[in-house]
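As a basis for the values below, the full set of heavy atoms in this structure was taken, side chains included, without hydrogen atoms, waters or symmetry mates. Because the structure is predicted, anything quoted here is derived from the model rather than measured. Every number for a ligand or one of its atoms is a count from 1 in the order of the listing.
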Amino acid sequence: MKYYSTNQQAPIASLEEAVVKGLAADKGLFMPETIKALPQSFYDNIENLSFQEMAYQVADAFFGEDVPAETLKQIVYDTLNFDVPLVHVNDNIYSLELFHGPTLAFKDVGGRFMARLLGYFIRKEGKDKVNVLVATSGDTGSAVANGFLGVDGIHVYVLYPKGKVSEIQEKQFTTLGQNITALEIDGTFDDCQALVKSAFMDKELNEHLQLTSANSINVARFLPQAFYYFYAYAQLKKLGKADEAVICVPSGNFGNITAGLFAKRMGLPIKRFIAANNRNDIFFQYLQTGEYNPRPSVATIANAMDVGDPSNFARVLALYNNSHEAITAEITGTTYTDEQIRETVKSVYDKTGYLLDPHGACGYRALQEGLSAKENGVFLETAHPAKFLDTVESIVGEKVEIPLKLQEFMKGEKQSIDMSKEFADFKAYLLSL
Ligand SMILES: *Cc1c(COP(=O)(O)O)cnc(C)c1O
């Protein structure tokens with residue numbers, strides 16, 4: 001499979017180049033030239049496949065030409081060594097719990113897959129050292145850092161906005177040591193993302209170091225997120241609820257939902273998608289007006305969605321040939337204030353006993369407000385509520401139990417390097433390595 005750049009100004013790349021480079025030379029995002037539909041027999045039988053079996057068939061459609069079957073199968077099976085259950089909340093609303101992996105957020109899927117695939121390419125090429133740069137608003141850093149921890153030949157630099165991630169999130173990537181370094185940036189997530197993008201564009205840096213990106217802009221993180229849309233559908237089908245399936249995705253950088261749109265393009269019978277935003281509702285505004293106006297992000301209690309210029313918007317446009325009409329035919333949007341998010345967490349907990357995290361709450365609410373009686377809705381519960389402990393406890397007025405996996409991280413000691421948001425400082429640091 002070949003990959004083109006959404007900016008159309010860079011040469012076509014192989015999977016290996018796309019994964020190792022992360023971003024195309026023209027700053028565009030890599031897109032597969034074709035998206036293969038899966039055969040009807042796959043869909044007819046989907047509810048009888050295990051998550052891993054199903055995911056391997058999806059992975060084969062994307063990566064089968066470029067990675068030997070046994071290697072790919074191993075990568076898929078290792079990545080998905082945890083379940084992604086579909087849990088009924090109430091009425092026709094279901095939660096796809098993506099928080100059963102090592103860092104308790106959906107980003108474990110892409111982070112783990114990418115670490116393994118990049119590791120494979122590096123071994124194959126006999127490369128000595130690759131540096132992974134990753135900007136995080138909270139959960140990416142932990143998923144990527146834990147995915148890559150201890151992988152030979154790869155060093156990970158996590159850039160995160162000082163004071164803008166929860167303590168638990170921070171502990172998950174600042175306490176690991178080994179091949180993981182945390183850089184605490186005096187700025188916003190957008191500043192972190194801009195630093196990473198600038199680093200890739202800097203000629204001098206790229207001559208000095210082999211750099212790659214682990215943000216959702218990397219196809220090795222982005223595409224595997226399609227796996228669990230198939231699994232959500234299979235679980236709905238098992239329950240006899242797969243007709244008129246609607247999937248709602250709490251969205252920030254739009255990698256997650258775009259992977260779902262790819263799944264639909266591969267033939268997955270999803271009727272429509274909803275992108276749930278917090279107050280950073282650039283995409284929502286685009287849906288209403290047809291105009292894309294990025295703006296600086298504002299801090300909200302659903303902080304992993306605090307993105308003012310979603311990277312993967314370029315992929316959405318490419319997928320629908322820049323047609324606003326085609327996009328709005330398949331995707332609608334919602335936008336919620338912190339107050340509405342709090343209200344939703346509280347009322348759902350009081351009514352049903354189901355504890356939402358602030359991101360999932362946006363997803364739930366969009367379904368509650370927007371589903372017709374005939375539709376069945378799945379929202380992606382993108383992280384465990386305990387990752388946002390203070391927020392969630394203050395909303396429900398009760399102690400929230402912290403899963404053991406998280407308690408382990410809390411015991412570690414934070415280690416990070418303070419840095420300004422100026423590219424010159426970041427560059428000087430990287431050159432000094
Ligand atoms: C990253 C993240 C999101 C946003 O996902 P995108 O792919 O950036 O749209 C939503 N919720 C949680 C908990 C996240 O960590």
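- Look at A105 and you'll find every heavy atom at least 4.0 Å from all atoms of ligand 1.
- The backbone N or O of F148 lies less than 3.5 Å from a partner atom in the side chain of N179, making a donor-acceptor pair.
- Looking at G252 next to ligand 1, an N or O pair under 3.5 Å apart turns up.
- The side chain to side chain donor-acceptor pair (under 3.5 Å) contacts involving residues 402-412 comprise E408-K411, where partners must be two or more places apart or lie in separate chains.
- Aromatic rings from F283 and F254 are positioned such that their centres are separated by under 6.0 Å.
- Ligand-side atoms of ligand 1 in range of G255: 6 (P), 7 (O), 9 (O), range being under 4.0 angstrom from any heavy atom.
- Atoms of ligand 1 found under 4.0 Å from any heavy atom of T382, numbered from 1 in the order shown, are 10 (C), 11 (N), 12 (C), 13 (C).
- The distance criterion of under 3.5 Å between nitrogen or oxygen atoms is not met by T140 with respect to ligand 1.
- At a heavy-atom cutoff of 4.0 Å, ligand 1 is contacted by no atom of K387, backbone or side chain.
- If you look at K107 next to ligand 1, the close heavy atoms, those under 4.0 Å, all belong to the side chain.
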Side chain to side chain donor-acceptor pair (under 3.5 Å) evaluation trace for D306 with N278: CA-CA 8 Å; D306 294 350; N278 60 24; 2.9 Å; yes
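- The side-chain heavy atoms of Y286 and I327, taken from C-beta on, include a pair separated by under 4.5 Å.
- Residue D357 has no N or O atom closer than 3.5 Å to an N or O atom of ligand 1.
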